[in-house]
Protein chains: 2
Amino acid sequence: MLDVVNPQDGAISPAAARAADAVVKKIELRISSGELPDGAFLPAERELMLEYGISRTVVREAVARLASRGLLEARHRFRPIVRRPGYDAALSAVGGVVSHLLSQASGVKNLYDMRVFIEAALVRNAALHARKDDITALRQALAANEKAVPDSQSFYATDVAFHAVLYDIARNPVFPSLHKAFTSWLAPQWDRMLRSPERNRINYLAHRAIFDGIVDRDPDGAERALQSHLGAAWEYVRGTFLEPAREAPPNDG
Amino acid sequence: MLDVVNPQDGAISPAAARAADAVVKKIELRISSGELPDGAFLPAERELMLEYGISRTVVREAVARLASRGLLEARHRFRPIVRRPGYDAALSAVGGVVSHLLSQASGVKNLYDMRVFIEAALVRNAALHARKDDITALRQALAANEKAVPDSQSFYATDVAFHAVLYDIARNPVFPSLHKAFTSWLAPQWDRMLRSPERNRINYLAHRAIFDGIVDRDPDGAERALQSHLGAAWEYVRGTFLEPAREAPPNDG
DNA sequence: CGCCAAGTTAGGTCAGACCAAAATAGGGGT
DNA sequence: ACCCCTATTTTGGTCTGACCTAACTTGGCG
């Protein structure tokens with residue numbers, strides 16, 4: 001009566017003893033204990049293999065595992081660098097998978113809608129809870145945005161920066177990272193959008209409307225302004241890469 | 001004298017040709033082309049190694065890479081299974097990194113706040129846009145939840161299910177996956193919470209308040225109910241694992 | 001003093017082997 | 001026939017030792 005428990009490995013998962021796993025934990029510990037500070041080089045593979053009494057195979061697997069978790073930054077042929085992962089790393093870890101999802105038009109749409117949804121909630125939150133310094137930051141970002149209207153290149157930068165402030169106002173470090181993730185994911189599609197001073201001006205005005213809604217402490221107005229802003233932006237870019245329209249978004253169980 | 005051409009590659013990062021990378025792409029192609037359908041077993045390592053004329057080392061690295069991207073589901077000592085990644089896979093790919101963040105109390109708080117933020121927006125959305133069948137689903141989930149009040153075990157399940165409906169109403173496949181991710185990340189902390197029929201009843205009533213807000217098309221009321229519900233839940237669990245309170249949430253650049 | 005070439009280090013890959021667990025085939029009892 | 005238990009084969013996980021090549025280091029030359 002062998003009870004090889006492996007039913008739906010729901011949460012615990014027996015996770016048999018993998019050699020690499022133990023090494024991962026040890027290195028993880030050395031990182032979180034500060035023995036391997038952020039930015040430091042990981043010891044050479046051959047060194048680790050002697051130190052832990054394992055083969056290089058296992059060392060390499062452990063390193064790969066840690067790298068995929070974001071604790072190590074392992075460039076090809078370079079010594080891995082220790083990285084204390086934050087929300088940024090967490091989000092960028094998804095990058096690989098997301099890129100796959102973005103290859104379908106529905107993926108872009110879903111992600112964009114998600115962004116709109118969250119950002120709408122953010123402006124609403126800003127309208128309700130923004131502090132003086134938040135308003136100041138927003139005002140400055142808006143001014144920079146206006147000044148950049150003639151130059152599409154810098155307009156894009158100030159555009160992103162303006163939206164970034166909205167994510168900062170929530171005072172949850174997850175949001176700024178999320179913003180970076182959104183922009184980096186959607187940038188490829190976004191870049192194809194033709195830009196012009198006229199178009200920039202329209203977008204700037206939309207930003208100002210959002211700003212006004214926030215300073216007026218009018219969550220509904222601010223949200224409406226943002227929805228219309230991002231909705232228009234979508235309509236403007238969809239034609240550049242979207243075919244009729246797809247169904248059946250990928251969604252696994 | 002072969003000159004190692006850095007194929008333009010424009011920028012600095014040579015991104016040299018890694019053998020594993022090429023294999024990754026080939027396998028990726030075989031997956032997306034349907035030759036390796038979702039759920040199929042990946043060929044044995046030794047087979048792949050013959051097929052592509054590479055060593056097993058490279059095969060294993062490629063497999064590991066694909067697994068970390070969610071295209072393969074590679075349990076220990078089992079033949080990898082092909083998985084067409086969806087939003088679920090994308091989110092669960094972050095799991096590893098997130099678990100690290102959750103080891104700090106601030107990480108739990110930030111993630112939980114994020115969840116509250118999003119869920120608040122979701123109930124507001126539900127109050128504004130829920131359709132008849134959404135309301136029906138919600139009502140059923142609520143009824144199941146009420147029925148489970150005496151049994152903490154099943155109450156938890158129906159609790160999660162009730163919240164899940166809120167994520168479904170947004171009609172964006174990202175949200176249900178996000179819900180799964182949230183619950184699986186926060187479950188470990190949540191499990192420590194003592195449960196009792198009395199406590200369950202309080203939570204059920206909170207759910208009903210949310211439901212009422214939605215059917216009354218009262219976004220503010222519904223959101224208020226949810227905020228108070230999740231806020232109370234946090235206060236209830238924080239004591240079980242939280243020390244005084246931490247600062248400096250992890251946040252990398 | 002700086003630049004370029006030879007030497008050294010260390011990551012990437014390979015080949016072959018062994019172990020143990022999983023998958024499969026085979027045999028015995030009912 | 002059918003199922004259960006065991007023997008065999010696969011196959012993933014790990015080890016060893018080696019080689020190649022690109023980084024890194026060092027030292028000589030202009």
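The chains referred to below are lettered A, B, ... by the order of the sequence lines, with proteins before strands, and numbering in each begins at 1. Computation of the quantities below employed the complete heavy-atom set of this structure, encompassing side-chain atoms and omitting hydrogens, waters and symmetry-equivalent molecules.
A straight line from CG of L48(B) to P of dC14(C) spans 14 Å, rounded to a whole angstrom. In this structure, OH of Y52(B) is placed 18 Å from C1' of dT13(C), rounded to the nearest angstrom. Separating the CD1 atom of I81(A) from the P atom of dG11(C) is a distance of 12 Å, rounded to the nearest angstrom. Computed from coordinates, the F41(A) CZ to dT9(C) P distance equals 18 Å when rounded to whole Å.
When all heavy atoms of N172(B) and M114(A) are compared, the pair lying nearest together is ND2-N, 3.6 Å. Residue A89(B) comes nearest to V97(A) through the heavy atom pair C-CG1, 4.5 Å, listed as atom of the first residue, atom of the second, then distance.
Using a 30° and 60° split on the angle between ring planes, Y112(B) and W190(B) fall in the parallel class, below 30°. Taking the six-membered ring for Trp and thresholds of 30 and 60 degrees, F175(A) and F117(B) have ring planes more than 60 degrees apart, a perpendicular arrangement.
Between its two ends, the helix from dC1(C)-dG30(D) to dT30(C)-dA1(D) turns its axis by 10°, counting five pairs per end and rounding to 10 degrees.
In this structure, K180(B) and L91(B) have side chains that are not in contact, with every pair of non-hydrogen atoms separated by 4.5 Å or more. Residues V108(B) and W234(B) meet the side-chain proximity criterion, which asks for heavy atoms closer than 4.5 Å.
Listed by chain and number, the residues in a side-chain contact (heavy atoms from CB on, under 4.5 Å) with V23(A) are I27(A), Y52(A), I54(A), V58(A), A62(A) (sequence neighbours excluded).
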Along nucleotides 8-14 of chain D, 5' to 3', which nucleotides get a B, which get an S, and which get a -, given that the test is a protein heavy-atom distance under 4.0 Å?
-> ---BBBB
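Relative to the ring axis of Y156(B), R195(B) does not place its NZ or CZ within 45° and under 6.0 Å from the centre.
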